[in-house]
Each structure stands twice: as C-alpha cells, then as structure tokens.
Amino acid sequence: MGVQQYDEIGEAFEGFKSLPLTRYGEVPSFLDLVGDVRGKSVLDLACGTGFYSREFKRRGATEVLGVDISGEMVAAAQRLEEGDPLGVRYEVGDVAELRPLDRRFDIALGVQLLNYAQTIAELEAMCRNVHRGLVPGGEFFVLAQSPDYPGGGQDLARYGFLCEPTGEKIETGPRFRVTALLDPPISIIGAVPSRELYEASLRAAGFSELTWVPLQVSEAGVREFGADFWTDFLAEPPLEMLRCRA
C-alpha cells in the first residue's frame, strides 16, 4: 500500500510542508524535539522527498542518509540534492527489510513510518532494524498520527488537512485517510497503532526511555493566524511525537 500511493505523489509531497499544520505545528515541533545535530550522523527513514534530511544537514549533521520505500520519492529527493548539493545520500529501501548499513548512526528519524506496517510482525521488524542502525545510546524520533485522535469532521480543514477513518481495521490498528488540501488534493491511507502496540514493539527491539511528546504551535504560527485559530488543534492534536533510546 505505502509504496504505490507514494510513487503516485512524487515531488508533489513537498507541498505538504506549506500547509499550516505542518509549517507551524509539525516542522517546528519535530525540529525542536530532535534538537542540536551538530557533529552527529542522521538516518532518515521514510525520508520522502528529503525535507528533514536536508534540514538536518543544513543544521550541522556530519552525515545524513535518507531511505524511502518509494523510488519516485527518492528520485525527487535526489533531484533536489542535485539542485542544491548538501551532501545528503539517498537510497530506496523497505525499513521492514532494511539492508545492513555500513555504519551506525547517532540519530534515526521515523516521520510517518511505523504507521505503515501492515502487521505486528512488520512493525516489530521495522523497530529492530532501526535499533540495529543506531549506535548504543542513539536516539530514535517518531512522528505519526496520535493514537488518541478520533478523526472525522472538518476540524482540521482550516489547518490544511482532513483525517477520516475508512471504517477498515488491519492487524496494527484502524485505517485512516489523510488528505492534504492542496490543488489538487492528495490523500494517503495508513493505520494508527495503539500507544501500547508502539511501546511494546519498540521495547521488544531494545529501545528504552520512551517518551511521548505533543505537538505545539510555533510563535510564528500564532503571529500569522492568531491564538484562537489554533484552539481546535491544541485541544485535540492530530499528530504526536515519540522519542526513545537505543
């Protein structure tokens, strides 16, 4: 499911980062969570078109490797690298079947990664492979749809998205359709594992110090739209972050 729908999106995926929810919620929150990467190596799993790969290289990461299951996404990331060379490497790969890497990394990123596991075994395999790619004590930062977010309605439309349950459920959890209100709109379907399933899979892979972190709105977002605009978002955040240590 994941590779086909992302192959169809390709470079248009960059447009997600222009929408209010991502520009003023996801991106600043995730960058703050990961923190200072100067002198550190970064493994960006489910890197898409390389937004975070490029950002962390600009922020001083010594080496960045982006991996994505979609060949079209990786091709778009490589075109962006060619247009503005930063020294980021990209490759096509399935995190559930990740090849042994030639080094271990200080930091791993999983932005909208684990929620695409179709089975619990696949989710556990992803977590094991991420752990294997990190140095002892390295950190893994996850961003995904909040396990508590019910979806439905128009409450996210003002922030640039819709999030609707499909009515289907797979082994890892209920499936949701997330639509970015671009022109034309772009929809992606993924599962939403429970908090308990995330934690059990990560701990079984060897991770510890699991901490859930809510999204915040940046000061720039408040200046742009006003505090009242973000009331619904902050009352029931659709996304949540998780950090843990190898």
Side-chain angles (χ1 to χ4, degrees), residues 1-7 30 33-34 37-57 59-82 85-144 171-172 190-191 193 197-210 241-246:
M1 176 187 67
V3 61
Q4 180 179 351
Q5 59 184 351
Y6 277 102
D7 274 346
F30 193 68
L33 179 71
V34 177
V37 299
R38 287 174 294 180
K40 297 180 180 180
S41 54
V42 176
L43 176 61
D44 186 4
L45 300 166
C47 68
T49 52
F51 177 87
Y52 286 111
S53 297
R54 297 192 304 275
E55 188 61 32
F56 285 117
K57 193 68 171 68
R59 289 173 176 240
T62 55
E63 180 179 356
V64 179
L65 172 62
V67 179
D68 199 278
I69 195 171
S70 166
E72 289 298 321
M73 287 285 183
V74 169
Q78 289 173 332
R79 287 193 294 270
L80 290 166
E81 170 67 19
E82 291 165 5
L86 297 169
V88 179
R89 295 187 294 125
Y90 297 102
E91 65 179 60
V92 178
D94 182 347
V95 177
E97 301 176 358
L98 190 66
R99 69 169 181 85
L101 303 175
D102 54 7
R103 63 161 299 165
R104 291 189 172 194
F105 291 77
D106 300 307
I107 292 170
L109 315 176
V111 176
Q112 305 291 5
L113 164 67
L114 300 179
N115 46 309
Y116 288 110
Q118 298 289 291
T119 64
I120 293 174
E122 187 178 1
L123 176 60
E124 292 174 343
M126 286 182 175
C127 294
R128 286 194 304 270
N129 289 338
V130 177
H131 190 277
R132 187 184 66 192
L134 285 168
V135 299
E139 290 186 288
F140 181 33
F141 298 93
V142 176
L143 185 143
E171 190 174 306
T172 51
L197 180 54
Y198 273 127
E199 293 181 1
S201 300
L202 288 162
R203 292 188 190 280
F207 287 101
S208 62
E209 301 179 31
L210 277 65
M241 304 178 294
L242 172 64
R243 69 186 302 165
C244 52
R245 191 174 297 277

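None of the values given here were measured: they were computed from a predicted structure. Sequence positions, counted from 1, serve as the residue numbers for this chain.
Relative to the six-membered ring of Tyr52, Arg54 misses at least one condition, a distance below 6.0 Å or an angle of at most 45° to the axis.
Nearest heavy atoms, Asp68 versus Ala46: OD2-C, 3.3 Å. Arg128 approaches Ala205 most closely through the heavy-atom pair N-CB, 3.6 Å. Counting all heavy atoms, side chain and backbone alike, Gly110 lies closest to Phe140 at N-CE1, 3.6 Å. Here the shortest heavy-atom pairing between Val130 and Ala108 reads CG1-CB, 3.8 Å.
Remark: the backbone N or O of Gly138 is not paired with any side-chain donor or acceptor of Asp106 at under 3.5 angstrom. Side-chain atoms of Glu171 never come within 3.5 Å of backbone atoms of Gln118 as a donor-acceptor pair (strictly under, hydrogens ignored). The main-chain N or O of Ala77 is never found under 3.5 Å from a side-chain atom of Thr49 such that the two would form a donor-acceptor pair. Looking only at distances, a side-chain donor or acceptor of Asn129 sits under 3.5 Å from a matching main-chain atom of Ala96. With hydrogens and angles disregarded, no donor-acceptor distance shorter than 3.5 Å links the side chain of Glu91 to the backbone of Gly66. Of the possible polar contacts, one joining the Arg245 side chain to the Gly137 backbone as a donor-acceptor pair under 3.5 Å is found. Under a 3.5 Å cut-off, the side chain of Ser53 and the backbone N or O of Asp44 do not form any donor-acceptor pair.
In summary, the side chains of Ser41 and Arg103 do present a donor paired with an acceptor at a separation below 3.5 Å, with no hydrogens or angles considered.
With a 4.5 Å cut-off on side-chain heavy atoms, Leu242 and Phe141 do not count as touching.
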Quiz item: Is there a salt bridge (Lys or Arg N to Asp or Glu O under 4.0 Å) between Glu63 and Lys40 once you walk through the steps?
Solution: CA-CA 7 Å; Glu63 180 179 356; Lys40 297 180 180 180; over 6 Å; no

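Evaluation of the side chain to side chain contact (heavy atoms under 4.5 Å, CB included) rule for Arg38 yields Asp36 as partners, not counting sequence neighbours.
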